[in-house]
Amino acid sequence: MSRVILTGTAAGLPVLDRMNASWVLQYKEHTFLFDAGEGVSRSLLSSKIDPHDIEKIFISHTHPDHISGLPVLLQMMFMTDRRSPLEIYLPASNLPIIERFLLGVYLIPEKMTYSYTLMPIRDNPVFKTEGIEINVFPNGHLDLVAPLARQNGVGAESYGFDIKINGKRVIYTSDFQRTDDIEKYVTTADLLIVECSHAGFEEILEFLQSRKIGRTVLNHILPQQQKEAEALPILAQKYGVENVSVAADGMIFEI
Ligand SMILES: [Zn+2]
Ligand SMILES: [Zn+2]
């Protein structure tokens, strides 16, 4: 059995009761972190997850709400004398910029108690080991900003994750603009972690009607979506969608 722990369920805007984007996947001796938004270190503490157990970090895209917690997490690992190496996968085109940024905040490899390596996300599978295969798909989230980003020497890659684990499938869409962008990648899943701050609840519920999803968790919530979140049982009934819930920090799913 594997476990998914939601450690940050807010959208880009910081709020009091949710941290920015992050979640943890545990299977056997493996612990992986997906995204590392602001507050991830404190969330790991409150979920009683030892940061030293995290063997790999996967960053979907480099918007602040998905990567801003990374430097403090690396510092926390250093201050608690981590020894084991850490791999951080992120979009290839922005890897050199993030590497320089980490140097700029003095996470200098020679002074760390452990080695961290930035790994470019390129081909599928991104990572594979016994019982686990981690693949990515482009979610179109940064397509609009891409020309301006490139003009400024910055990449515009953004990925969702399709994870096969112990014969089950977990999909994490990360951010996307419209369900059209992800429809060919999100067809079946045992657990779907789908962001809903861009497309909105109703578009996603409509999208779910034609999918074979065991359980869905609506993630990446804006404060103004609170009312809709409270009305989810009624909305879900309207669209005939079952096993759907709104994400909350600390929520655990066993798969
Ligand atoms: Zn986001
Ligand atoms: Zn984003």
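Counting starts at 1 for both ligands and their atoms, in listed order. Counting from 1, the numbers follow the sequence of the chain as shown. We use all heavy atoms of the structure for the numbers below, so side chains are in, but hydrogens, waters and symmetry mates are not.
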Does one side chain, of E202 or Y239, offer a donor that lies under 3.5 Å from an acceptor on the other?
-> yes

Can you name the residues that form a side chain to side chain donor-acceptor pair (under 3.5 Å) with K28, not counting sequence neighbours?
-> none

Within the 2.8 Å cut-off the protein N, O or S neighbours of the Zn ion (ligand 2) are H61 NE2, H63 ND1, H141 NE2, D175 OD2

Among K168, R215, R3, salt bridge (charged side-chain N to carboxylate O under 4.0 Å, His left out) partner for E254 = R3

Quickly, which of F127, Y172, W23 forms a ring-ring contact (aromatic ring centres under 6.0 Å, His included) with F32? Name it, please.
-> F127

Between atom CE of M19 and atom OG of S41, what is the distance when rounded to the nearest 0.5 Å?
-> 9.5 Å

Contact summary for S174 and Y159, nearest pair of heavy atoms | CB-O, 3.5 Å

